[in-house]
Amino acid sequence: MFTTNCSFLENELLDVVRLFHQKPENITHSFDYKEGVFFNNFQIDGRAFSFVDGGQVCDELTFKRLERRFAKLRLYEILSDLYGEKMPWGALTGIRPTKLAYREIEEGGDFQKLFEKMHVSKKNIQLVADILKAQEGVYLKGDGNTDLFVSIPFCPTKCAYCSFITAPIDKTRHFLPAYLNALTKELASIPESVGNLRSVYVGGGTPFALSREELEVVLKGIAPIYEGYVPKREYTVEAGRPDVFSEEKLQLLKDYGVTRICINPQSFSDETLQKIGRKHTEADIYRAFEMSEKYGFDINVDLIAGLTDETPDMFVESVEKAVATNAENITVHCLSLKSGAKLKEEIDYLENDFISTMVSSSREILSKNGYVPYYMYRQKYQVGNNENVGWTKPGKACVYNVDIMEETANNLAVGANAVSKRVFTDKGLITRHATQKDLKTYIENVDINIEKRKEFFK
Ligand code: SF4
């Protein structure tokens, strides 16, 4: 049982409890604040703990941050001592570590000292330092910076671990003509000036699940927006699964000025690919690379640690094979099981220490082969207390990924289940506007969506 006199802290503290394998039966928390001093008292399974932190009166925003920080830190310390467990990210939950690091630096602090206080491991402090270094020249904070996202929620089949709205295209193809009309309408409504356009990202789903002709409708809609901007930084199409690659689709991307594509194998093991519901094989992955070679795109590759029955050795083999493709970016995701994912019902991976081994092996292999970490994020239902890290060859970081993770630019998002974001850097404020997840409802509401988005970005 958990009780606190500060409802604002309830979820934050429960997130800390969730980090540990062992859990207390009863926690009572009380919080108080007087003239710059933060008081946190805990009763945990009959034992009492009291803490006094701070000492300086602060403004409201700082107060809220410190209120959370001290309460979580102290609960983490109690549980870590009681159960003899240390977490790689210490008491950091609910915030992107790099965002916190940037904020600390902007405010004149030393993020490494702050992270040490929060009990983040040395390895992870170094990881964050490396990411900040790799983002130099790409990270750009400023009102008016904007990325354009175009949502294509169609896939050849549904992967077992996927909680995204996408459905197998066989079942949704009948929506496609109307969906493309709606998308074209939305794109045409985007004002000529969308601020400083940093990148365009056509994501999924699997955009290559569309035919060449269908895909051209999307690229035609984007062309007037992208062509107006100089210099052209980055135009990515998350082509997707290797089995849907074709020469004609790749040529089409080239013709429309696309600079980067994603080939998303997730694993190089045929056995695993079959178990997760993919229709492609390792050989298809190589075929997709061979086909793409002559077009000179930068290539992003995705892998997932923790897929069905994979051992650390199998995962290491996939990382090595991904490195051998010479891709510009390789992102190592850890399995995240949200509701909606078929795997969640089938497999209890949550105690799986394999994942940590996989993650640390991937760090070693990628560093040795000249890749540097350049973006990172953590998810709530992530297996183990690990993180997803994007690795890049020096100078090849994907601008869109950095902007999205650091939330330094507006995101103008069109299509179904597209979440636009408006970033007010001076106020430290982010507002969001989402379109409907369901294809039919999205199509029916396109005119309303256009008006609402215009209002949102006014
Ligand atoms: S390709 Fe991606 S979006 Fe499509 S079903 Fe698989 S995980 Fe989901």
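As the structure lists them, so they are numbered: ligands from 1, and atoms in each ligand from 1. These numbers were taken from a predicted model, which means no experiment stands behind them.
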Colleague: So with a 6.0 Å cut-off around CD of Glu106, is the heavy-atom count from everything else above 12?
Modeller: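 Yes - once you tally the heavy atoms of other residues, nucleotides and ligands closer than 6.0 Å, there are more than 12.
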Colleague: When the aromatic ring centroids of Phe354 and Phe315 are compared, is their separation below 6.0 Å?
Modeller: no
Colleague: Quick one, Asp130 with Lys133, criterion salt bridge (Lys or Arg N to Asp or Glu O under 4.0 Å). Give me CA distance, side-chain angles, the key distance, then yes/no.
Modeller: CA-CA 5 Å; Asp130 290 344; Lys133 191 160 187 310; over 6 Å; no
Colleague: Should Phe111 and Leu100 count as side-chain neighbours, where that means a heavy-atom distance under 4.5 Å?
Modeller: no
Colleague: Can you tell me if, anywhere in Cys155, an N/O/S atom lies at a distance from atom 8 (Fe) of ligand 1 that is smaller than 2.8 Å?
Modeller: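 No, Cys155 does not qualify, because none of its backbone or side-chain N, O or S atoms lies under 2.8 Å.
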Colleague: May I ask you to test the Glu310-Leu335 pair for a side-chain heavy-atom distance under 4.5 Å?
Modeller: no
Colleague: Given the protein's heavy atoms, is any one of them under 4.0 Å from atom 7 (S) of ligand 1?
Modeller: yes
Colleague: With a cut-off of 2.8 Å, does any N, O or S atom of Cys159 fall short of it relative to atom 6 (Fe) of ligand 1?
Modeller: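 Yes, since at least one N, O or S atom of Cys159 sits under 2.8 Å from atom 6 (Fe) of ligand 1.
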Colleague: Give a yes/no on ligand 1: does Thr157 have at least one heavy atom closer than 4.0 angstrom to it?
Modeller: yes
Colleague: Gly205 heavy atoms, cut-off 4.0 Å: which ligand 1 atoms fall inside?
Modeller: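 Checking each atom against Gly205, I get 3 (S).
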Colleague: Give the numbers and elements of all ligand 1 atoms closer than 4.0 Å to a heavy atom of Tyr161.
Modeller: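 Once the distances to Tyr161 are compared, the set is 7 (S).
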Colleague: With no hydrogens and no angle check, do the side chains of Ser267 and Arg278 hold a donor and an acceptor under 3.5 Å apart?
Modeller: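 Arg278 and Ser267 do not have a side-chain donor-acceptor pair below 3.5 Å.
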Colleague: Any idea which protein heavy atom is nearest atom 1 (S) of ligand 1, and the distance to it?
Modeller: Arg241 CD, 3.3 Å
